Amino acid sequence: MDRVKLTIDGRAVEVPAGTTIYKAAKELGIDIPILCYMDLKDLNIENKPGGCRICVVEVEGRGNLASSCSTNVAAGMVVKTNSMRVINARRTVMELILSDHPKDCLSCAKSGNCDLQDMAVKLGIREIPGQEYAEMSTYRLDTSPSIIRELDKCIMCRRCETMCNDFQTVGALHAVNRGFESVVAPAFEMNLEHSPCTYCGQCVAVCPTGALTEVDHTSKVISALNDPTKTVVVQTAPAVRAALGEEFGMEPGTRVTGQMVSALRQLGFDYVFDTDFAADLTIMEEGTELLGRLTRFMEGDEEVKLPILTSCCPGWVNFFEYNYPEMKEIPSTARSPQQMFGSIAKSYFAEMIEVDRKDMVVISIMPCLAKKYECQREEFSVDGNPDVDYSITTRELAHLIKQANLDLAKLDSDDFDAPLGESSGAGVIFAATGGVIEAATRTAYEIYTGKVLEKVDFEQLRGMEGIRSAKVDFDGQEINIGIAHGLGNARKLLDDVKAGKSQYHAIEIMACPGGCIGGGGQPLHHGDASILKARARAIYAEDRDKPIRKSHENPYIKKLYEEFLGEPMSEKAHELLHTHYFDKRKKIFQV
Amino acid sequence: MPVATLTEIPVKKQIRIALRNCGVINPEKIEDYIVRDGYFALGMVLSEMTPENAIGVIKDSGIRGRGGAGFPTGLKWEFASKSMSEQKYVVCNADEGDPGAFMDRSILEGDPHTVLEAMALCGYCIGANTGYIYIRAEYPLAIARLKTAISQAREFGFLGKSIFGSEFEFDIHLKYGAGAFVCGEETALIHSMEGLRGEPSLKPPFPSESGYLGKPTNVNNVETYANIPVIFLKGAEWFSGIGTEKSKGTKVFALAGKVNNVGLVEVPMGITLREVIFEIGGGIKDGKGFKAVQTGGPSGGCLTEKHLDTPIDYENLIACGSMMGSGGMIVMDEDDCMVSIAKFFLDFTVEESCGKCSPCRIGNKRLYELLDRICTGKGEMPDLDRLRNLSEVIKDTSLCGLGQSSPNPVLSTLNNFYHEYVSHVEDKKCQAGVCRDLLEYFIIEENCVGCTACARACPVGAISGERKEPHLINPDTCIKCGACLEKCKFDAVILR
């Protein structure tokens, strides 16, 4: 590739042609401030509207300033990133942005974690001239089951739009209106609830300000914990343990499973359980369903539809209910681990400890915003009592822990309670893209072939590529597996299925980049994709360290079937662990 | 007052190239156009010239884009022709959005075939077989005439397959714009054509590399195209003989404001503002004094007496702090308040900013607010420094031409009429008598006969005085409705 020599702030640098000024400056250790720009390299997500104009620099011979995030270098270019002209312009633009931004930082959900706030600190903004007579743009607050849109705080960086449209192809968010009234909103400025939003939360994950945040349920959790008549049960999703530490200043990828359990116990939860247990249960049901469909398909049953699609991800379920309702018979009917857990906790476990389900509160800690919506679905309740009462995010858990004056790093490691706290390594890897199908493969292989699987690590199913495919040899029977993370990638696989071109027997789909580790409820990655990779490594390490690595070998799962469910796909299992899907296409924009 | 006829207005200074057929031919009859050498250029180029040669003619003519930026048209065509692609597009920008400018509409309504012919010529030159005219939906007559013209041109074989028996094939379709000023910016226009939000994106990539649907696209303005057939017929040398060193040919201006003759004028580049305003325009209305002329549409600058003898071309206007733009020319007299004028134009750009980049989205709003404070007597001297700094930063940092030029009315009035700003701020006076908040109604004692008509008309009881005695207006109560002034028969009530 051609290389280009240029000068930035008086220092020479040589970079490949096509590099932006911003990236060339980085090579020299010059950190040009950025605000709207976002680059998730490994995921091929780049937000580069050139809209905020914070990253402007002076280029010799050019009339106006250039946005360094989106201007490519040229041979012999002389760039100044810190001339008086640049500093004044950058500062003035920042003051403009702040002049149209609420000043309630102290009580803002993003306080301390806000890119705009950080930039104001970096640029040393001390006053906003003319603020007293500057009109501010105001919009109505929009609350949905998962996401709150407080658009007064929107700075039009368009990151959410990039995630929602380009990466997820959901198309719920777009810039609307013009001039001072411009804002990112669903079509016709309707509420998110009436848009095709899947609540994947990727907009929230990248929002640099408090414009998009999760619906906070921490106070409800505190109330439940303080209600002596309630037995409060908590389940923690696999991805949480690989990211929670970041909220306490630990390196990305630090595993804090044991400390997290300690913290939850200290917070006063009566039973600290693991969603991983339910993940093992999911494998039993989904794996059996897969094998059943596969066997009937092989035997020539024309009623059987393949591929089978995973159904653990609630964002993904919402996506196909909106976009592919005609294919709603194809995904597995297995409920997600969160819902399987709630269902078992409020039946099997409630009976075991002799507590009425109405006196039991099930809380889930999830890396996810769509889980908040999922647990409110009517079909996941009995007589109006939901199987999972509240779902809170990793971030919300961190707030709870901090409020309780606990320092996660200093807590001793503790173990989950039995019986719903035991899991195999297969349950753990649900957190990373490819993990569910790998877990299913471990079990399905042994059941299908009747042989012991020697090597449980299916490296071919792992990775960060948006769409991956792999073949797994089931003792002579080749199984084609497809994996997609990100709903845009899912759409590509789905379009093939719809067109009858899909070669796959089974497809795993996760809505978020990297799978649940990159979920909308996780600590904010601020555009750093290496954080997601570190979390994935932590998950696979946790799997490796587990004594049991196949779901069907989990002794508590075996016991659950023996004592309560009978066998996978039994009538009782169907009632408690399976679901059905809805055609939501017609609901879009219907108030 | 009788309207001046064409013969009464000095036409000798005008050269009609783009407007050559407007008002002369029946735009709904292709035969009329053909009689005036219509489609001859297309026939000649297709039979006698290679695309390279034809682009050479356009380059040699020196014609530059008439839409505002003044980019050399031949160069633009050459870039598009050199972009490798199976599919390319020719686009005509008919999203005329400057308030008061209607040269594009006049051409489309009066001579639609010239645009079609030019687009076909461009298609041949760059290797495109499809053209689109992006026209604002508020131009129903222009749309109707274009539709008629396109179907006639197809019937006559000037559009369609094997035009003039050559292998060249070209057709033109219409795309309607919803009336956003920013869609005159070519990347915004292309996004709008694609069904996306009409907002600009960074260049490069230029449309000539990646335009409509990602294919090489040449975008020119209506007036630019209207010049093209004539350049081929009369030659590059003829065309480049008109105008100045760097700006060739003519420019159509929409002359408006306080001049006696308003309307479209087509003048050679290099003519002075004085000639346009005082000779063609017939001077200032009602014998008032000339104060300023604003060129270049809403984001142009206000020029003064000292600029009147500057030859008009792209570079000179920019050097004066204004621009060519699409050719708006608004003349102001002594009754115009320059602060209000700047505020008026900012009001427009605030409305028309697409909102994509922060300096334009928020900065123009803040400029407007500052101007409004000054006009309503709330301004302070530091506001003037803020106005200037903000204007300069908006120009320096905005993403597209809209924000890069929107502060021009502010900067040019600050530069040329600073004293008016100061008198608004320090003395709280508007000399031109435009800023209502800075004026007060006052009764001249000597003229007042004490008829009480004003006091009775006052809706808020602000006027006091005995019968047959001079009356007095209490400025604290007065709401400045003007009822007293209207009622007074003795010229005793004045605004000062």
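Quick caveat, the model's predicted, so the values are computed rather than measured. Proteins come first, then strands; the chains are lettered A, B, ... in the order of their sequence lines, and each starts at number 1. All heavy atoms count here, side chains included; hydrogens, waters and symmetry mates do not.
- Between A/V93 and B/I362, every side-chain heavy-atom pair lies at or beyond the 4.5 Å cut-off.
- In terms of heavy-atom pairs under 4.5 Å with chain A, the best-connected choice from B/R373, B/E352, B/E392, B/E351 is B/R373.
- Between A/E181 and B/R361 there is no salt bridge, since none of the side-chain N atoms of the basic residue sits less than 4.0 Å from a carboxylate O of the acidic one.
- Looking at B/E369, its side chain does come within 3.5 Å of a backbone N or O of A/E135 through a donor-acceptor pair.
- With rounding to the nearest 0.5 Å, the separation of CG in A/D100 from OG in B/S358 is 10.0 Å.
- For the set A/I97, A/V183, A/V56, A/N72, the count of heavy-atom pairs under 4.5 angstrom toward chain B peaks at A/I97.
- B/C357 contributes atom SG, which lies 11.5 Å from atom CD1 of A/I54 (distance to the nearest 0.5 angstrom).
- Proximity of a side-chain donor or acceptor of A/S182 to a complementary backbone N or O of B/C354 within less than 3.5 Å is detected.
- From A/Y133, atom OH reaches atom CG of B/D383 across 4.0 Å, with rounding to the nearest 0.5 Å.
- Note: A/N64 CG to B/D396 CG = 6.5 Å, rounded to the nearest 0.5 Å.
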For this session: Check the pair A/S99 / B/R366 against side chain to side chain donor-acceptor pair (under 3.5 Å), numbers first and verdict last.
Result: CA-CA 9 Å; A/S99 76; B/R366 300 294 174 243; 2.9 Å; yes

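- The main-chain N or O of B/G355 is never found under 3.5 Å from a side-chain atom of A/R178 such that the two would form a donor-acceptor pair.
- Counting heavy-atom pairs under 4.5 Å between each of B/K356, B/K395, B/Q404 and chain A puts B/K356 at the top.
- To the nearest 0.5 angstrom, A/R158 atom CZ is 5.5 Å from B/R197 atom CZ.
- Among A/N88, A/T92, A/L96, the residue making the largest number of heavy-atom pairs under 4.5 Å with chain B is A/L96.
- Atoms NZ and CG, from A/K48 and B/L202 in turn, are 8.5 Å apart once rounded to the nearest 0.5 Å.
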